[in-house]
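Take a look at the structure below.
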Amino acid sequence: MSNSQPAPKDFIRAIVAQDREARKFNGVVHTRFPPEPNGYLHIGHAKSICLNFGIAQEFSGLCNLRFDDTNPAKEDVEYVESIQEDVRWLGFDWQDRCFFASDYFERLYEYAVLLIRKGKAYVDSLTADEIRTYRGTLTEPGKESPYRTRSVEENLDLFSRMRAGGCEEGAHVLRAKIDMASPNINLRDPTLYRVRRVPHHRTGSDWNIYPTYDFAHPLSDSLEGITHSLCTLEFEDHRPLYDWLLDECEMACHSQQIEFARLNLTHTVMSKRKLLELIEEGHVSGWDDPRLPTLMGLRRRGYPPEAIRRFCEHIGVAKRDGVVEVNLLEHFVRETLNANAQRVMAVLRPLRVVLTNYPEGQVEELPAVNNPEDPAMGSRAVPFSRVVYIERDDFREDPPKKYFRLAPGQEVRLRYAYIIQCVNVIRDEQTGEIVEIHCTYDPETKSGSGQSARKVKGTIHWVSATHALEAEVRLFDHLFSVPDPEKDGRDYRTVLNPNSVERLRGCQVEPALQGAVAGQRFQFERQGYFCVDSDSTGQRLVFNRTVALRDSWAKIEKK
RNA sequence: UGGGGGAUCGUCUAGGGGCAAGACAACAGAUUUUGGAUCUGUGAACCCAGGUUCGAUUCCUGGUCCCCCAGCCA
């Protein structure tokens, strides 16, 4: 019964559910994710991937991966491979259904011939400039090309010569014969084929002509039996053409195009062009720079694919265009990492602390919980000794109100260890800089066993100086310092965040991190989630900060 | 002043002739050996104007504002 079904989550699922119930397409649901292999995927694509694969899953259907490789001048196998890797990483499986529009070139050509025979397409020999002029404007109708009335025979002959390689690029194009006066510019005899004397990454030099998106897309959808062809809003105007082509080519399957709003995120840019500019101008290091919204970048940054999926589920699908705040994405990253990231202690900006009453040479192995959210993750031993490092931020000579950390005379708990009290501050005689602090520890307050009634307000993280591993840590922040980098048409480069990355060397991390491999994710207690960077080696650990923990102290201090 | 789409808390998304719901963010409190997590609570919205109606955010009419389209890109 339909009333036992949960309400559809969005208008597209509502349509799909209705179609399935009405047995449209025989009750089958078949979608596709159709990237052009001319760049790398970003989180905007993730929305489409989750939508298409998600709907297929929910409606017991299938989702194809199809490369829209109709423009050899811009495309490359390198992109094909990276796109496949990204889709897999996101957690989706196209099984044996990875297709290419180029797989259909021969059939597409035959459909073009069919259109010519029906008098629905013609070879135009106007120049690109002339075609533009003839097209008219938004408010004025276009003019018909003088070549529009060529005979079927002449068109057939010309078109086959275009294919055979007898003409220069731009000499001719194949156009649909629709309506030069249409208020919808896409219907003013759109181009179906153009001459391109460029080798294609899959078909080599087999072809001298290539179909346009407008021609190839609907036919590819139909050939694959795609029932619901989901795309972004800017293709809304193309739908009449999409339908016209399926009708005129007499396709057995009339796929249904449905448009939804693309994803926009605050504090970043999403277009391939701008992403490329950021890379080429050296503002970021490459497509996998952890500050970029590319899937490669997010992966390197440490974002779990599950977090991205949850985010995409959560933002929903609608037709109004808007901008999602990045903090929503970050929320899902924290939420998933909180549940499964191993906790570890790491001191980013070390301050030496000597426990003057702790026996020289003594080492204790203190048990530490790996993840309080998940007891199954067990515990580990953390070495403790007379000299430890704490965070410089965790000591203040003049502590503000409500500062629950270390200060002269004040007490604080070292996580999983003892309560210590600051008794002395040692500074560099020249610079006056604090070089180390002396504390005493209270042996009665050992974590767990002690049961000391004594409570302190603060607990800070630390690492044993003799046992710590040195590491480099890269702290990332938003690439842009404002939510909408392109507001009022300004150049987004003018609002790049100068502090979007901070490299910290000489960080001291817990020995449990020995041997951590690239991609492994941790929570550095009290600081955030970090992931081992691909620059990391056995000798030199490098971490990326995925996202900081929520910091309510920072808020208090701001006031 | 062509055509196509859209307008609900700060943000995203529901709903739909009769109390406008959720999430993030914000704020307040509880709790806490992570100032994390968790829990509780608070504030916060139907673009405007008319009309129909007992009643309109929803239906109708007219506006306003925003987005997209003049590639041989997708």
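Keep in mind that what you see is a predicted model, and the values were worked out from it rather than measured. The sequence lines fix the lettering, A, B, ..., with proteins before strands; numbering per chain opens at 1.
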> Looking at B:G10, B:C67, B:C72, which one has an atom nearest to any side-chain atom of A:D321?
Replying inline: B:C67

> Which nucleotide in the list B:A14, B:U11, B:C27 gets nearest to the side chain of A:K555?
Replying inline: B:C27

Could you measure between the two [atom1] atoms, the one in [N] and the one in [M], and give it in whole Å?
{"N": "B:G36", "M": "B:C27", "atom1": "P", "result": "13 Å"}
{"N": "B:A56", "M": "B:G51", "atom1": "C1'", "result": "11 Å"}
{"N": "B:G62", "M": "B:C54", "atom1": "C1'", "result": "26 Å"}
{"N": "B:A25", "M": "B:G5", "atom1": "C1'", "result": "29 Å"}
{"N": "B:C67", "M": "B:C47", "atom1": "C1'", "result": "15 Å"}
{"N": "B:U8", "M": "B:A45", "atom1": "C1'", "result": "6 Å"}
{"N": "B:G15", "M": "B:G22", "atom1": "C1'", "result": "11 Å"}
{"N": "B:C60", "M": "B:U52", "atom1": "C1'", "result": "7 Å"}

Would you mind classifying the nucleic acid contact of [X] as base, sugar-phosphate or nothing, using non-hydrogen atoms under 4.0 angstrom?
{"X": "A:S125", "result": "nothing"}
{"X": "A:L126", "result": "base"}
{"X": "A:V324", "result": "sugar-phosphate"}
{"X": "A:G322", "result": "sugar-phosphate"}
{"X": "A:R239", "result": "nothing"}
{"X": "A:T70", "result": "sugar-phosphate"}
{"X": "A:H172", "result": "nothing"}
{"X": "A:T212", "result": "sugar-phosphate"}
{"X": "A:R320", "result": "base"}
{"X": "A:D237", "result": "base"}
{"X": "A:V317", "result": "sugar-phosphate"}
{"X": "A:L138", "result": "base"}
{"X": "A:A318", "result": "sugar-phosphate"}
{"X": "A:E36", "result": "sugar-phosphate"}

Can you confirm whether the side chains of [X] and [Y] place a donor and an acceptor under 3.5 Å from each other?
{"X": "A:S229", "Y": "A:R32", "value": "yes"}
{"X": "A:R380", "Y": "A:N370", "value": "yes"}
{"X": "A:Y492", "Y": "A:E277", "value": "yes"}
{"X": "A:Y104", "Y": "A:E224", "value": "yes"}

> Is the NZ or CZ atom of A:K143 both under 6.0 Å from the centre of the six-membered ring of A:Y134 and within 45° of that ring's axis?
Replying inline: yes

> Honestly, is A:R163 close enough over A:Y109, meaning NZ or CZ under 6.0 Å from the six-membered ring centre and within 45° of the axis?
Replying inline: yes

Could you state the atom-to-atom distance from [atom1] of [X] to [atom2] of [N] in whole Å?
{"X": "A:D484", "N": "B:C12", "atom1": "CG", "atom2": "C1'", "value": "16 Å"}
{"X": "A:H238", "N": "B:A70", "atom1": "NE2", "atom2": "C1'", "value": "11 Å"}
{"X": "A:F522", "N": "B:G36", "atom1": "CZ", "atom2": "C1'", "value": "18 Å"}
{"X": "A:N38", "N": "B:A74", "atom1": "CG", "atom2": "C1'", "value": "7 Å"}

Heavy-atom side-chain proximity of [X] to [Y] below 4.5 angstrom:
{"X": "A:L241", "Y": "A:L187", "answer": "yes"}
{"X": "A:P34", "Y": "A:H217", "answer": "yes"}
{"X": "A:R490", "Y": "A:E486", "answer": "no"}

>> As a test of the definition: with a 90° window around 0 for syn, would you call B:G43 syn or anti?
In response: anti

>> I want to verify the glycosidic state of B:C19; is it syn or anti under the 90° rule?
In response: syn

Close N/O contacts between protein and nucleotides 21-23 of chain B (under 3.5 Å):
from, atom 1, to, atom 2, distance (Å)
B:A23, O2', A:H314, NE2, 2.9

> Would A:H461 and A:R415 count as a side-chain hydrogen bond (donor to acceptor under 3.5 Å, both in side chains) if you check the C-alpha gap in whole Å, the side-chain angles of each, and the deciding distance to 0.1 Å?
Replying inline: CA-CA 5 Å; A:H461 61 277; A:R415 179 107 159 124; over 6 Å; no

Looking at [X], does any N or O in its side chain come under 4.0 Å of the phosphate oxygens OP1/OP2 on [N]?
{"X": "A:R334", "N": "B:A37", "answer": "no"}
{"X": "A:K319", "N": "B:A7", "answer": "no"}
{"X": "A:R135", "N": "B:C69", "answer": "no"}

> Do the rings of A:F384 and A:W462 sit parallel, tilted or perpendicular, given the 30° and 60° boundaries?
Replying inline: perpendicular

> In terms of ring plane angle, is the pair A:H45 and A:H42 parallel, tilted or perpendicular, where the classes change at 30° and 60°?
Replying inline: tilted

Short heteroatom pairs, N/O only, protein and nucleotides 33-35 of chain B, under 3.5 Å:
from, atom 1, to, atom 2, distance (Å)
B:U33, O4', A:T459, OG1, 3.4
B:U33, O2', A:R415, NH1, 2.9
B:U33, O2, A:Y416, N, 3.2
B:U33, N3, A:R413, NE, 2.9
B:U33, N3, A:S447, OG, 2.2
B:U33, O4, A:R413, NE, 3.3
B:U33, O4, A:R413, NH2, 2.8
B:U33, O4, A:S447, N, 3.4
B:U33, O4, A:S447, OG, 2.4
B:U33, O4, A:G448, N, 3.2
B:U34, O5', A:R415, NH1, 3.4
B:U34, O4', A:E525, OE1, 3.3
B:U34, N1, A:E525, OE1, 3.4
B:U34, O2, A:Q523, OE1, 3.0
B:U34, O2, A:R526, N, 2.7
B:U34, N3, A:Q523, OE1, 2.6
B:U34, O4, A:R343, NE, 2.6
B:U34, O4, A:R343, NH2, 3.1
B:G35, OP1, A:R526, NE, 3.3
B:G35, OP1, A:R526, NH1, 2.7
B:G35, O3', A:S552, OG, 2.8
B:G35, O2', A:S552, OG, 3.3
B:G35, N7, A:R405, NE, 3.2
B:G35, N7, A:R405, NH2, 3.2
B:G35, O6, A:F404, N, 2.8
B:G35, O6, A:R405, NE, 3.4
B:G35, N1, A:K402, O, 2.8
B:G35, N2, A:K402, O, 3.4

